[in-house]
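Quick notes on the structure that follows.
Keep in mind that this is a model prediction, so the values were computed, not measured. Within every chain, numbering begins at 1; the chains are lettered A, B, ... in the order of the sequence lines, protein sequences first and strands thereafter.
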Number of protein chains: 2
Amino acid sequence: MADQEVDWTSHAESRIHEAGLKKSGPRGRVIESLAGRDCAATALEIDAELEGVGRATVYRAIEQLEELGLVQKVDLGGSAFGYEKVDPSGHHHHHIVCDDCGKVEPFEDEALEEAIHDIHRKGFKLEKHEVTLHGQCQDCR
Amino acid sequence: MADQEVDWTSHAESRIHEAGLKKSGPRGRVIESLAGRDCAATALEIDAELEGVGRATVYRAIEQLEELGLVQKVDLGGSAFGYEKVDPSGHHHHHIVCDDCGKVEPFEDEALEEAIHDIHRKGFKLEKHEVTLHGQCQDCR
DNA sequence: CGACAAAGTGAGAATGAGTCTCATTTACTA
DNA sequence: TAGTAAATGAGACTCATTCTCACTTTGTCG
């Protein structure tokens, strides 16, 4: 396990505690599962990985983590949403999805972030944004 | 019905014909419904609007139109996808979604398009992109 | 003009993701 | 240690989407 994962895990546990929530084994396992991934996973993938943890618990844990800003929901273009840990530093990335095989890769782009930051829309208070690029990966070409 | 809608409708019908597909009333009604909208609608909204047209037919028609590049699928953050006609001129927009009431508004931004156009990713052949901004609309603040 | 094959169709069953309920268990705190 | 609020797992449920299938329409070829 890399340092960053340890950081995110303990950061998440602290924030959970600060929010007045109790410690729990099943939720801890969901947090671990998210910590060990570089990019988005679906709720059902996590559920399948964690034997003995109920589906409802996985969804509940993800929801709580999302409310605390520890996890973000990302649309991968398919039928299910993906969820991934949010870097405490505020650093974030977007996604490239291969429309043939479904593979997802993270990417970052400074110019893109700036362009989005410069968008102002009358009456709308922007809170977050999501960019998904679609195409074909090397393997599928 | 505005000129642009007429154009898109007949353009769509021609492309359907070119693709070797047969003429049909129900699919024609789905095309009309899409033509009459400025922004995305869900498949079930279209289905509900068109009495006498089966759900399967609505989904099939949308799928065919999507394959022909006449319609694009957009993620509105909710549980269902939206579908909207693609302007034959290549002109396109993205979406701002109010996370409280679910309202969707289109927006365009030249700088954003350029930033996306400049992204090159080794091994990936980019085909399309999707940008969704989230926040709160005037009514919900 | 038929007649036939391919495309199209609607009803409803099936699937898949996500949500809800509820009886039971667990973690904190007084 | 008792009380209570949070947490849990099983499974029922909802909603969007896909699939199946028997039947109808379209277009073309003889």
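Rounded to whole Å, the distance from CZ on Phe81(A) to C1' on dG18(C) is 10 Å. Distance CD1 (Ile62(A)) to C1' (dT19(C)): 13 Å, rounded to an integer number of Å. Look at OH on Tyr59(B): it is 16 Å from P on dA11(C), rounded to the nearest Å.
Residues satisfying the side chain to side chain donor-acceptor pair (under 3.5 Å) criterion with Ser89(A), sequence neighbours excluded, are Asp87(A). For His91(B), the side chain to side chain donor-acceptor pair (under 3.5 Å) criterion is met by Glu108(B), not counting sequence neighbours. With sequence neighbours excluded, the residues forming a side-chain contact (heavy atoms from CB on, under 4.5 Å) with Glu84(B) are Cys39(B), Ala40(B), Gln72(B), Val74(B), His93(B), His95(B), listed by chain and number.
Among residues at least two apart or in separate chains, salt bridge (Lys or Arg N to Asp or Glu O under 4.0 Å) pairs with a member in residues 12-23 of chain B are Arg15(B)-Glu18(B). Listed by first and then second residue, the ring-ring contact (aromatic ring centres under 6.0 Å, His included) pairs involving residues 40-84 of chain B amount to none (not counting sequence neighbours). Pairs engaging residues 56-82 of chain A under the salt bridge (Lys or Arg N to Asp or Glu O under 4.0 Å) rule: none recorded [sequence neighbours left out]. Contacts classified as salt bridge (Lys or Arg N to Asp or Glu O under 4.0 Å) and involving residues 111-124 of chain B (residues at least two apart or in different chains) are given here: Glu105(A)-Arg121(B). Applying the salt bridge (Lys or Arg N to Asp or Glu O under 4.0 Å) rule to pairs touching residues 126-135 of chain A yields Lys125(A)-Glu127(A), sequence neighbours excluded.
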- [ ] Would you give a per-nucleotide map of nucleotides 4-9 of chain C, 5' to 3', where B means the base has a protein non-hydrogen atom under 4.0 Å away, S means only the sugar-phosphate does, and - means neither?
- [x] --BSSB

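Residues from residues 65-74 of chain B with heavy atoms under 4.0 angstrom of DNA chain C: there are none.
Residue Ala80(A) is in sugar-phosphate contact alone, with no base atom involved, counting any heavy-atom pair closer than 4.0 Å across all strands shown.
Ring orientation note: the planes of His92(B) and His129(B) are nearly perpendicular, at an angle over 60° on the 30°/60° scale.
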Enumerate donor-acceptor pairs with a distance under 3.5 Å from any side-chain N or O in residues 48-55 of chain A to protein atoms, sequence neighbours excluded.
from: Glu49(A); atom 1: OE1; to: Ser33(A); atom 2: OG; distance (Å): 3.4
from: Glu49(A); atom 1: OE1; to: Arg37(A); atom 2: NH2; distance (Å): 2.3
from: Glu49(A); atom 1: OE2; to: Ser33(A); atom 2: OG; distance (Å): 3.3

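For DNA chain D, the outermost nucleotides in 5' to 3' order that have an atom under 4.0 Å from a heavy atom of chain B are dA16(D) to dG27(D).
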